[in-house]
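Working notes, beginning with the structure itself.
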Amino acid sequence: MPVVIGARPDSGFADPLGLLTDCHRRIERFLGVLVRVAARAGGPLEVEERSALETALRYFREAAPKHTADEEESLFPRLRARHDGATEPLLARVEALEREHVRAGQIHGEVDRLGQAWLERGALSENEAARLRDLLAELEQIYRGHIAVEDEHVFPAAAQLLASDERRAIGREMAARRGLNAGP
């Protein structure tokens with residue numbers, strides 16, 4: 001792996017909240033790739049653009065759903081188990097985040113369909129290209145607020161509310177979703 005001076009190393013499964021935050025940076029980066037490529041208005045793709053489009057679509061098709069599962073199957077249930085009056089606002093945010101996951105998933109399905117059509121045919125119609133740009137603009141809007149809520153509110157609250165053994169269990173579950181062993 002190349003060394004990047006001044007860059008913070010990615011977190012591992014021993015720090016699942018850090019790993020979730022790192023995933024947010026990847027989501028932002030790959031969404032940015034899709035937006036930049038879609039600005040080509042659906043015309044013929046250069047080799048680098050084609051590769052970038054394929055990679056970003058694959059990320060959102062394969063890796064991003066694991067991130068959503070990490071939150072919905074591992075993190076959010078543990079936060080709900082801490083339910084009391086003080087956690088009510090946090091849990092309301094969690095419910096809104098889950099609704100956003102559903103909408104983002106729907107949009108990603110259509111983005112993937114359009115992106116695959118672009119890769120297969122070499123171009124999109126004007127209507128398809130406009131639809132792709134509109135969908136990506138909606139995703140940018142969703143993710144901007146969604147990621148801010150998680151990074152600024154949910155993950156810091158989880159770091160305070162969840163015991164270290166619960167965080168380790170989350171890390172093991174995250175690793176298992178990826179076919180990896182995170183250790184004890």
Rounded to the nearest 0.5 Å, the CG atom of L90 sits from the CD atom of Q160 at a distance of 11.5 Å
Nearest heavy-atom contact between I27 and H67 is CD1-CD2, 4.0 Å
All heavy atoms of F60 vs all of P65, minimum pair found to be O-CD, 3.3 Å
| said: Just so I know, are the side chains of H101 and F76 near enough to count as touching, which here means a heavy-atom distance under 4.5 Å? | reply: yes
Check your understanding: Would you say L162 and R168 make side-chain contact, with heavy atoms under 4.5 Å?
Key -> no
Check: Would H146 and E150 count as having a side-chain donor-acceptor pair, cut-off 3.5 Å?
Finding: yes
Query raised in the report: Less than 4.5 Å apart, any side-chain heavy atom of E166 and any of R82?
Result: yes
query: Is the shortest heavy-atom distance from the side chain of L114 to the side chain of L135 under 4.5 Å?
result: yes
Between L161 and L79 the two heavy atoms that sit nearest each other are CD1-CD2, 4.1 Å
Exercise. Might you confirm whether atom CD of E62 has over 12 heavy atoms from other residues, nucleotides or ligands at distances under 6.0 Å?
Key: yes
Do I107 and L136 come within less than 4.5 Å of each other through their side chains, counting heavy atoms only? no
Out of curiosity, does L20 fall in the hydrophobic cluster containing I147 (side-chain heavy atoms, cut-off under 4.5 Å, transitive links)? no
(request) Any chance you could lay out the salt bridge (Lys or Arg N to Asp or Glu O under 4.0 Å) test for R172 and D165, step after step, and finish with the verdict? (result) CA-CA 10 Å; R172 285 191 302 273; D165 62 325; over 6 Å; no
| request: Kindly work out whether a path of hydrophobic side-chain contacts (I/L/V/M/F/W/Y, heavy atoms less than 4.5 Å apart) joins V94 to M174. | output: yes
Note: V37 and A52 closest approach over all heavy atoms is CG2-CB, 4.5 Å
Interatomic distance, CZ@R25 vs CD@E28, rounded to 0.5 Å, equals 4.0 Å
Value for CD1 (I170) from CD (E71), rounded to nearest 0.5 Å, stands at 10.5 Å
Let's go through L34 and L139 carefully: what are the C-alpha distance in whole Å and the side-chain angles of both, what is the deciding distance for side chain to side chain contact (heavy atoms under 4.5 Å, CB included) to 0.1 Å, and is it a yes or a no?
CA-CA 11 Å; L34 291 175; L139 274 177; 5.7 Å; no
Salt bridge check: are E98 and R80 linked by an N-O gap of less than 4.0 Å? yes
Checklist entry - How about D84 and T87: do any of their side-chain heavy atoms sit closer than 4.5 Å? => result yes
Rounding to 0.5 Å, atoms CG (L132) and CZ (R113) come to a distance of 10.0 Å
d(L124 CG, R40 CZ) to nearest 0.5 Å is 11.5 Å
> So, S125 versus E128: side-chain donor-acceptor pair below 3.5 Å or not?
Replying inline: yes
Test side chain to side chain contact (heavy atoms under 4.5 Å, CB included), reference R167, set L75, L17, D15, output is L17
Residues 102-112 vs side-chain hydrogen bond (donor to acceptor under 3.5 Å, both in side chains), sequence neighbours excluded, gives R61-D112, R103-Q106, R103-E138, H108-Y143, E110-R131
Could E73 and R177 be called an ion pair, given the rule that one side-chain N must be under 4.0 Å from one carboxylate O? yes
**Report entry** Cluster link I142 to V149, ILVMFWY, side chain under 4.5 Å
**Finding:** no
key: Flag if over 12 foreign heavy atoms under 6.0 Å of CD, E88   = yes
Can you tell me if R78 uses its side chain to pair, donor with acceptor, with the backbone of S74 under 3.5 Å?
-> yes
Here the gap from R58 atom CZ to F30 atom CZ, rounded to the nearest 0.5 Å, amounts to 9.0 Å
Looking only at heavy atoms, the pair that brings L97 and V154 closest together is CD1-CG2, 3.7 Å
(message) Regarding D70 and R178, does a basic nitrogen lie under 4.0 Å from an acidic carboxylate oxygen?
(response) yes
Exercise for review: Just say parallel, tilted or perpendicular for the rings of H24 and F155, cut-offs at 30° and 60°.
Suggested key: parallel
Under 3.5 Å, side chain of S51 to main-chain N/O of V47, donor-acceptor pair present?
no
Sub-3.5 Å donor-acceptor pair from the side chain of R144 to the main-chain atoms of A148, do we have one? no
Margin query: With heavy-atom distances below 4.5 Å as the criterion, would you say the side chains of R133 and V35 are in contact?
Written below: no
Query raised in the report: Within the side chain of W118, is there an N or O that forms a donor-acceptor pair under 3.5 Å with the backbone of A129?
Result: no
Heavy-atom closest pair (G12 atom, L19 atom, distance to 0.1 Å) is O-CB, 4.0 Å
